[in-house]
Amino acid sequence: MIWRKIQAIAWADIYQALTDRSALLFNFASPLAISMIIGAAFGGGSNDVDVEAAKVGVLNLDTGSTQVEQAFGDIYTQVLVEAPPEELSDFIDGKTITDEKKARRQIGDGDLDVLVVVPEDFTANVITPDKGGTLRIYYNPGAGIPGDVARSIIDGMTTQLNNQNIALQVGIPYASEQAARNNQAVDAAVAYVRQASQQLREKEAITLNRVSIEGDVQEFNSLQYFGPGMAILFMTYALSNGAISILVDQRNWTMQRIWTTPSPRTVYLGGKMVGIYVTGIFQMLILMLAMIFAANVVFGSGVAVWGTDAIGIVLVLASVVAAGAGFALVIASFAKNPDQGGSISTLVLTISGLLGGAFLPVSDVPVLGQLSMLTLNRWGLDGFTTLSFDGGTVMDILPNVAVLLGMAVVFFTIALFQFGRRFRS
Amino acid sequence: MATFVKLDHLRKQYSPPDGPYAVGPKEGVNLEILEGEIFSLLGPNGAGKTTIISMMSGLLTPTAGDVVLGGFSITKQPLDVKKQIGVVPQDLALYPNLSARQNLNLFGTLYGLSGKNLSKRTDEVLEFIDLKDRANDKISEYSGGMKRRVNIGVGLMHRPKMLFLDEPTVAIDPQSRRNILDTVKELNQQGMTVLYTTHYMEEAQELSNRIGIIDHGQIIALGTLDELVKTVGEYDVIRLTLPEPPALVVERLGAIPNIQRAETTDGEVRLIARDGRQQLPEAIRIINEAGLALHGVEIEEPNLEAVFLQLTGRALRD
Ligand SMILES: Nc1ncnc2c1ncn2[C@@H]1O[C@H](COP(=O)(O)OP(=O)(O)O)[C@@H](O)[C@H]1O
Ligand SMILES: [Mg+2]
């Protein structure tokens with residue numbers, strides 16, 4: 001019986017939220033429009049005809065192997081950053097990277113075109129028969145021709161390395177021989193690059209051969225970053241309407257009237273919370289679907305905006321909406337009246353969104369980066385991007401889910417306490 | 001008639017910052033409402049009517065005392081009390097973006113109805129408040145009178161034994177008011193006990209079996225219409241329409257023997273007079289002497305207005 005009553009109150013809330021046309025326009029159309037605009041600005045397939053040098057970052061984590069003198073990862077650093085062959089310098093502007101996350105953000109912002117990540121066990125895996133190393137290459141498909149050029153150069157190098165590797169044997173006993181083989185590998189890569197750049201000069205297309213050493217190539221789309229940021233921000237806006245409806249109910253006396261019915265007072269707040277939560281989930285789901293549509297149909301990239309780990313997505317979604325609902329309730333619980341609640345919520349939620357990186361990545365900005373850890377926006381956004389362009393899995397987003405649920409518990413407790421205090425009569 | 005509700009030393013003390021303001025004297029309000037009667041609380045704005053109804057319906061915790069309704073205590077068995085009462089708040093306590101039917105369904109569910117019972121009862125109530133053909137329109141699209149009717153309808157969903165109506169006719173047209181007064185009478189004829197608050201003495205006069213007059217948080221008079229009117233005895237109210245009368249003239253009018261009191265309110269001088277007709281010529285003489293133009297004269301038989309004026313020295317409408 002109690003549950004039916006809670007449902008009835010929740011339903012009234014959801015129904016009103018979903019039949020309010022102006023709210024719908026604001027909650028659904030604007031985040032979509034904003035992320036499309038940002039998406040288009042950062043990577044909507046612009047075609048630069050001028051071939052500029054591609055900004056290539058190399059993150060070399062390769063710890064090498066006792067069996068080879070030079071870690072293979074160093075070859076990439078050498079060729080792309082430290083000592084590029086002369087012919088290459090026109091096409092590649094390389095630098096070493098130390099912070100992978102930051103570098104990926106830079107790809108999103110267009111500050112970097114391609115990122116090569118050589119994992120720790122790269123060399124070790126390469127020289128293990130039947131194993132093979134995995135190289136991760138990130139690039140922004142909107143980076144245009146420089147990006148393509150850089151990618152094909154890296155692909156080519158990798159192919160050459162791969163061919164050399166066929167000749168490598170595990171457990172070669174003499175160091176001199178190892179060194180010789182490694183030098184061979186570098187020479188081969190450089191030779192390829194020479195040839196490739198020659199072809200480029202002759203304006204011949206470079207044939208992409210991306211087989212490489214299990215070349216694991218991921219695409220990045222700026223919607224993967226701005227989509228979740230916007231969706232979370234507007235979800236919190238929508239939830240604040242729900243939370244403030246408690247104050248509206250108090251003003252309209254609908255809350256008091258519900259309290260004159262033979263139902264415990266918890267039924268009302270329970271109904272409101274369920275209603276707010278479901279509205280939030282609904283709002284997020286609609287936006288998520290809309291952004292998938294936008295990425296695939298409008299931008300025509302086959303990118304999985306939200307990643308492909310369904311369980312992970314559901315967990316981040318469920319926990320970020322819980323934290324958002326709690327936060328909206330806390331703000332409403334301290335507001336004097338609905339009008340004040342509305343303006344304070346907009347202000348606080350926008351600041352939280354800004355800090356949390358909804359409009360621009362802030363994780364690398366000093367101070368702001370640390371402050372952003374206080375916002376649910378940051379944790380939710382990180383959760384979603386971990387699943388999408390970091391290719392993470394459920395295990396990787398568990399910390400985010402835990403923090404978000406922790407926030408939700410704290411927020412709900414504060415809100416219940418504060419509402420309880422003000423409604424005591 | 002048996003007692004249905006007993007207010008037992010009921011008192012509410014609002015504390016700062018909004019207060020202090022006490023509803024109920026030191027020893028609290030003691031009052032009984034009988035089964036099947038229409039009891040009116042008549043008093044000006046801020047008298048404490050809503051405060052008393054809120055304590056009776058479990059919205060406000062009394063500072064002291066209790067309300068026993070149908071054998072249950074509102075402080076100890078609130079849910080048992082709430083099952084028996086329908087509350088029609090002073091404000092339009094409805095969801096404006098839901099239809100009448102949706103509002104009735106929502107509150108019906110909260111009153112414990114479900115399934116067929118709920119939809120059947122919703123139809124009955126819609127029929128009763130005469131809104132069947134507009135049942136699926138949003139409340140926000142209704143006229144003031146229609147909203148008031150839905151507001152009452154919500155309180156009827158669970159067929160309560162008793163209905164609390166808090167100023168249900170504020171700010172509506174005369175026809176809608178007529179409709180609501182008739183509705184209240186009809187419900188009462190069906191056996192419903194009614195607590196009705198108002199600041200219109202005509203309504204209290206027309207509807208009530210018994211009336212409590214409330215002012216500044218105190219019940220200052222209680223009884224049937226006849227009993228109350230008797231307390232002012234054979235006094236009539238003479239209303240003289242006299243724009244901007246000088247204070248001196250009002251004072252001289254008040255000094256006429258057998259005129260107990262003279263009051264001015266918006267362009268009107270009211271005299272409380274023993275045997276009004278006899279005193280009228282003298283009053284008119286004083287006005288003429290002062291060179292004032294008398295626009296109208298009216299003599300009212302003793303009524304609640306006179307009772308209130310007599311008890312408080314103020315008009316009810318102030
Ligand atoms: N929550 C409150 N806090 C403090 N004072 C209040 C509160 N509610 C009502 N009052 C005061 O109590 C008095 C009675 O109010 P109310 O019961 O609403 O009167 P009525 O319904 O007769 O107009 C008023 O003076 C009002 O200002
Ligand atoms: Mg009132």
Checklist entry - Which atoms of A:Ile2 come close to chain B, meaning under 4.5 Å heavy atom to heavy atom: side chain ones, backbone ones, both, or neither? => result neither

Item to check | More than 12 heavy atoms of other groups within 6.0 Å of A:Ile311 CD1 | outcome: no

Next on the checklist: Looking at every heavy atom in both A:Ala8 and B:Thr109, which two are closest together, and how far apart are they?
Outcome noted: CB-CG2, 3.8 Å

Next on the checklist: Measuring only between side-chain heavy atoms, which start at C-beta, is B:Leu59 closer than 4.5 Å to A:Thr260?
Outcome noted: yes

Checklist entry - How many angstroms lie between atom OG1 of A:Thr19 and atom CG of B:Asn97, to the nearest 0.5 angstrom? => result 6.0 Å

Item to check | Euclidean distance, B:Ser54 OG relative to A:Gln256 CD, rounded to 0.5 Å | outcome: 8.0 Å

Item to check | Exercise: identify the closest heavy-atom pair between A:Met1 and B:Gly112 | outcome: CE-CA, 3.9 Å

Checklist entry - About how many Å separate OG1 of A:Thr261 and NE2 of B:His158, when rounded to the nearest 0.5 Å? => result 8.5 Å

Checklist entry - For chain B, which of A:Tyr268, A:Tyr15, A:Phe423 has the most heavy-atom pairs under 4.5 Å? => result A:Tyr15

Item to check | B:Leu92 CG to A:Asn252 CG distance, which is reported to the nearest 0.5 Å | outcome: 9.0 Å

Next on the checklist: Quick one, B:Tyr111 and A:Lys5 - any side-chain contact, counting heavy atoms below 4.5 Å?
Outcome noted: no

Checklist outcome for this item: Under 4.5 Å to a heavy atom of chain B? For A:Arg424 that would be neither

Checklist entry - Do B:Phe107 and A:Ile258 come within less than 4.5 Å of each other through their side chains, counting heavy atoms only? => result yes

Checklist entry - Quick one: what part of B:Val81 sits under 4.5 Å from any heavy atom of chain A, side chain, backbone, both or neither? => result neither

Item to check | Most chain A-contacting option - heavy-atom pairs closer than 4.5 Å, from B:Gly86, B:Gly58, B:Ser114 | outcome: B:Ser114

Checklist outcome for this item: For A:Gln16 and B:Leu98 the tightest heavy-atom approach is CG-CD2, 3.7 Å

Next on the checklist: Under a 3.5 Å distance rule, please check whether A:Arg257 uses its side chain to pair with a backbone N or O of B:Asn151 as donor and acceptor.
Outcome noted: yes

Checklist entry - Going from CZ on A:Arg4 to CG on B:Leu110, what distance comes out if it is rounded to the nearest 0.5 angstrom? => result 11.0 Å

Item to check | Nearest-0.5 Å distance, CH2 of residue A:Trp253 to OG1 of residue B:Thr50 | outcome: 6.5 Å

Checklist outcome for this item: What one should report as the nearest heavy-atom pair of A:Ala12 and B:Leu106 is CB-CD2, 4.0 Å

Checklist entry - What part of A:Val267 is in contact with chain B, defined as an atom under 4.5 angstrom from a non-hydrogen atom: side chain, backbone, both or neither? => result side chain

Next on the checklist: Can you confirm whether B:Tyr95 sits close enough to A:Asp249 that some side-chain heavy atom of one is under 4.5 Å from a side-chain heavy atom of the other?
Outcome noted: yes

